[in-house]
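Before any comments, here is the structure.
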Amino acid sequence: MNQAATFSTIRTEIAGVSVLDLASTFETPTYVYDGSKILERIDELRQFDVIRYAQKACSNLAILDLVRRHGVVVDAVSNGEIYRAQAAGFAANGTPPPVVFCADLFDRKALEQVIALDIHVNVGSADMIEQLGKSGGPRNISLRINPGFGHGHSQKTNTGGEQSKHGIWHEELESCLALAQQHGLTVTGLHMHIGSGSDFEHLAQVCGAMERSARIVGSSLTSISAGGGLPIPYRVGEASLDIGRYFEVWNATRNRLVESFGHPVSLEIEPGRYLSAEAGYLITEIRAIKKMGANTFYLVDAGFNDLARPIMYGAYHPISLTPRDGNLTRPSQPVVVGGPLCESGDIFTQEEGGFVCTRELPVANVGDFLVIECAGAYGFVMASNYNSRPLAAEVLLQDQRARQVRNRQSEADLISHERIPAD
Ligand SMILES: *Cc1c(COP(=O)(O)O)cnc(C)c1O
């Protein structure tokens, strides 16, 4: 465990399946998921009592079905995600809850569905407690707590502190407990999703905050959730998370609560990225190569409509080349990788703030393929139809079989919900 990541800039296969075959069978751009990587990650988390996949990271039905068959449950942050979970075979309720609705508000439809299907709710605001209590009747709920501090460098990904919209402010816990009680709701779970990652000093603070909140809730508590935010290595040399140590810190917290309450407290983990990021690859074809002064551009048939992380967060993705002619010995050169959109920010090699940078990649020809790696989390799920580009295909690889799990959208799909008024 805990080895440094390595990435190669030439790639001929993904999980034993030829990239050239994948590209010719499914065309480009196409997302490919290596099912075995997802299962490896699940196995690394088996120490936790419950592994709850944050499906927003990658919610294709085939992925949800795969994790379900390996004992993983899910959370849902919208009515659509509840619908998906059901379509992938998750029961609406049970122990532990197969689906937990986790949000800071109910839109009207989600509230209706949560009540109709009796789905467990992880509540992120006092208003949710009231709305659920008024229309839903007595039930168990969890509370998501904002402990008053967050973690992370990006304002867009910080999930705690005064700037965050997430969870119930830690000082309002008592009043929310009273409100829950008024409505016949029993608080059985507590949840914090702060994302300490491998910052163990910070993790200790989160666990301390969890313990304080748990003692305020008292012995109705039967489950605590560590949330998600487990990091994965995106760059060469970055270490992977020491999961054993991460578990130990949370487990010690849980054990102290078990001792005080005198009954079992289940420990949940709620990863999104950790399960799916490294399993995902976006295959795209180089369609033009040009020079702009000193810069060489590889222009590919995928854009930020397919993968938004670079433009949204300046996120770094490993990129490799699959030469069409099979000649794997190529010198490398610094290049900028861009997409087809009419938008100057449509660049895969950029840093936060939108600064274009270069990447050392092998010399390429038009018609070669680039594989954008570690793209299995917040990849396809953030795709859009911007510039009227159809959503990409998705393919699941298992035991060297490639099966298409989403058809590429057609141009007809793009306009199928639109009307020109008749008069
Ligand atoms: C997004 C999210 C997660 C997963 O986050 P990752 O960083 O992908 O692990 C877990 N829990 C909640 C409540 C979330 O909103």
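By convention here, the first residue in the shown sequence is residue 1. Ligands are counted one by one from 1 in listed order, and the atoms in each one are counted from 1 as well.
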Using a 4.0 Å cutoff against the non-hydrogen atoms of [X], which atoms of ligand 1 qualify?
X	answer
C102	13 (C)
R273	6 (P), 8 (O), 9 (O)
G272	4 (C), 6 (P), 8 (O), 9 (O)
R144	13 (C)
Y378	1 (C), 4 (C), 5 (O), 6 (P), 8 (O)

Any G229 heavy atom less than 4.0 Å to ligand 1: yes
Under 4.0 Å, counting heavy atoms only: does H191 come that close to any atom of ligand 1?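 Heavy atoms of H191 do come under 4.0 Å of ligand 1.
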Nearest-neighbour protein heavy atom for [atom], which is reported as residue plus atom name and distance:
atom	value
atom 2 (C) of ligand 1	K56 NZ, 2.2 Å
atom 4 (C) of ligand 1	A54 CB, 3.5 Å
atom 11 (N) of ligand 1	E270 OE1, 2.7 Å

Does any N or O in the side chain of E81 come within less than 3.5 Å of the main-chain N or O of Q55, such that one atom is a donor and the other an acceptor?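 Not at all, since once roles are kept as given, no pair shorter than 3.5 Å links the two residues.
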Would [X] and [Y] count as having a side-chain donor-acceptor pair, cut-off 3.5 Å?
X	Y	answer
R41	S276	no
H166	N146	no
Q47	N251	no

Should the proximity of H193 to ligand 1, defined as any heavy atom under 4.0 Å, be assigned to the side chain, the backbone, both, or neither? side chain
With heavy atoms only and a cut-off of under 4.0 Å, state how A57 meets ligand 1: side chain, backbone, both or neither.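 No part of A57 comes within reach of ligand 1.
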Over 12 foreign heavy atoms within 6.0 Å of [atom1], [X]:
X	atom1	answer
E162	CD	no
Y83	OH	no
Q333	CD	yes

Answer yes or no for R406 and Y31: cation-pi contact, defined as NZ/CZ to six-membered ring centre under 6.0 Å and angle to ring axis within 45°. no
